[in-house]
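This report concerns only the one structure given below.
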Amino acid sequence: MLSNKSITILAIESSCDDTSAAIVKDGKILANIIASQKIHEEWGGVVPELASRAHQQNIVVVVDKALKEANVEKNQLDAICFTAGPGLIGSLLVGVSFAKAMALALNIPIIKVHHMQAHIMAHFIPTIKNGVEQPVPQFPFLCLTVSGGHTQIVKVSNYLEFEVVGTTIDDAAGEAFDKAAKMLGLNYPGGPQIDKLAQKGNPNAFTFAEPKIKDFDFSFSGVKTSILYFIQKQEKENPNFIKENLEDLCASIQARIVTILMKKLLKASKHFNIKQLAIAGGVSANSSLRKALVDLEKEGFKTFVPDFQYCIDNAGMIAITGYYQYLKGDFGSQDIEPVARWKM
Ligand code: KG4
Ligand code: ZN
């Protein structure tokens, strides 16, 4: 620990298509502002060039809003942390350049944060539900980290101590949701739409291939192909097949993705003899995955699901990670560059 003085940090997240700024003070999030970019919907996916331009337009506004909401003045900041990767390089550049310039002007240190580590660290953001402070995971715990670009099982031994024990060999879980949604003619991002439509569907209506992958690794490309071939076959017989079965298709696709994820998490839990299980990342917003995890409580597991606002990309998770890095004295220098790929 550096000192026992109060610590206030500004955090910036711009790795993909959300521009976000947050303020953390002594481990508590005072503001978490997210500007989602709608422009990508009409293109069916994130267009990197458009994303960086939108970050450029949004960044001053979200930082300003975060400071105001937190009632913090710029000169009260002790450091600025930011997502340095992994992510879209043009998007990251906007946040990284902004953070470096602002820190230079204020003469305060900078802290570079790993986006996927931050998704996990979101579990340490204090949250209060019905007036009760929610428990946080005890070490060691396993975290299933599922986003648009990553699918991992991570063993977390302490704050900022991570070991990736399983990963996808092809697509990420979020990508599987988004690609399946595209086949069904749904808009980007498809994950939340599949989730919504699935609520009224039958998860056992259709079955899709289950991958056979070693250890705690994942694969989603076979599932994707199996969904595609199934839809193509059915549409030959009935051109209205998707329309007439949309809710059942969504429920069945979601059920397959969730069982793939949960089976591997349980396999890892058994192998490492760890019964503290958490989920993180954009796909952890999925209602079926959240339910599948929480249901394990009945079997003696302790389960942890982040608050919805801290599942999808947000600067709150960057802020809490930056705060713990600050306590460790883990500062960066002005020659830091963003990295599209960054091993955890
Ligand atoms: O973590 P995130 O916001 O961004 C990345 O770091 O990639 O994750 C985005 C992914 C997208 O693939 C999106 O479709 C998926 O998370 N997602 C969901 C849900 N909400 C977001 N997938 C399934 N069900 C949801 N409710
Ligand atoms: Zn993310």
Side-chain angles (χ1 to χ4, degrees), residues 9-24 29-67 69-70 80-99 102 112-122 125 145-150 172-175 177-178 181 187-193 195 279-286 306-322 338-340 342:
I9 301 173
L10 164 70
I12 291 167
E13 153 65 32
S14 71
S15 65
C16 191
D17 58 343
D18 296 304
T19 323
S20 182
I23 305 287
V24 60
I29 304 295
L30 302 186
N32 183 35
I33 308 293
I34 307 171
S36 295
Q37 302 176 2
K38 293 275 165 246
I39 182 107
H40 307 288
E41 274 174 22
E42 57 192 275
W43 299 95
V46 177
V47 185
E49 172 69 22
L50 296 178
S52 7
R53 288 184 201 195
H55 283 306
Q56 193 92 47
Q57 285 171 352
N58 293 342
I59 194 141
V60 175
V61 183
V62 295
V63 168
D64 209 40
K65 247 182 154 172
L67 285 165
E69 192 175 301
I80 300 180
C81 64
F82 54 87
T83 308
L88 299 171
I89 202 75
S91 291
L92 290 164
L93 263 169
V94 178
V96 173
S97 312
F98 184 93
M102 189 168 169
K112 62 168 190 175
V113 173
H114 188 293
H115 182 86
M116 297 312 291
Q117 292 186 356
H119 268 304
I120 299 173
M121 291 296 288
I125 296 174
T145 316
V146 269
S147 72
H150 292 78
E175 221 174 336
F177 269 108
D178 295 338
N187 287 341
Y188 178 86
Q193 299 199 53
D195 191 356
I279 52 175
V283 181
S284 67
N286 183 268
D307 217 38
F308 187 80
Q309 62 165 323
Y310 299 122
C311 287
I312 48 167
D313 286 350
N314 68 92
M317 67 186 196
I318 306 301
I320 196 78
T321 314
V339 274
W342 183 0

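Only a predicted model underlies this, so the values are computations on that prediction, with no experimental measurement involved.
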Sole candidate of Gln56, His55, Gln57 that passes side chain to side chain donor-acceptor pair (under 3.5 Å) when paired with Thr19: His55
Is Ser91 reaching over with its side chain to a backbone N or O of Cys16, donor-acceptor style, under 3.5 angstrom? yes
Whether Ser14 side chain and Gly95 backbone form a donor-acceptor pair below 3.5 Å: yes
Just to verify, what does [X] make a side-chain hydrogen bond (donor to acceptor under 3.5 Å, both in side chains) with, not counting sequence neighbours?
X: Ser20; value: none
X: Asn32; value: Gln309
X: Asn187; value: none
X: Ser97; value: none

Taking the side chain as C-beta and beyond, is there a heavy-atom pair between Phe98 and Val63 under 4.5 Å? yes
Would you please name every residue forming a side-chain contact (heavy atoms from CB on, under 4.5 Å) with [X], sequence neighbours left out?
X: Asp18; result: Ile34, Ser36, Asp313
X: Leu50; result: Ile39, His40, Trp43, Val47
X: Val113; result: Cys81, Ile111, Ala118, Ile318, Thr321, Gln325
X: Ala66; result: Ala21, Ile23, Ala31, Ile33

Salt bridge (Lys or Arg N to Asp or Glu O under 4.0 Å): which pairs involve residues 50-59, sequence neighbours left out? Glu49-Arg53
The complete set of salt bridge (Lys or Arg N to Asp or Glu O under 4.0 Å) pairs with one or both residues in residues 55-67, sequence neighbours excluded, reads Asp64-Lys68
Given side chain to side chain contact (heavy atoms under 4.5 Å, CB included), test Asp307 with Ile125 step by step and report yes or no. CA-CA 9 Å; Asp307 217 38; Ile125 296 174; over 6 Å; no
Which heavy atom of [X] sits nearest a heavy atom of [Y], and at what distance?
X: Trp342; Y: His114; value: O-NE2, 3.0 Å
X: Leu92; Y: Pro86; value: CD1-C, 4.2 Å
X: Ala285; Y: Phe308; value: CB-CE1, 3.4 Å

Apply the test side chain to side chain contact (heavy atoms under 4.5 Å, CB included) to residues Met102 and Phe82: give CA-CA distance (whole Å), side-chain angles for both, the deciding distance (0.1 Å), then the verdict. CA-CA 12 Å; Met102 189 168 169; Phe82 54 87; over 6 Å; no
From [X] [atom1] over to [Y] [atom2], what is the distance, rounded to the nearest 0.5 angstrom?
X: Ile279; Y: Cys311; atom1: CD1; atom2: SG; value: 6.5 Å
X: Ile320; Y: Ile9; atom1: CD1; atom2: CD1; value: 9.0 Å
X: Thr145; Y: Ile120; atom1: OG1; atom2: CD1; value: 3.5 Å
X: Ile29; Y: Met317; atom1: CD1; atom2: CE; value: 11.0 Å
X: Leu88; Y: Ser52; atom1: CG; atom2: OG; value: 7.5 Å
X: Leu67; Y: Leu30; atom1: CG; atom2: CG; value: 10.5 Å

Residues at least two apart in sequence or cross-chain that pass ring-ring contact (aromatic ring centres under 6.0 Å, His included) with His119, listed by chain then number, are His115
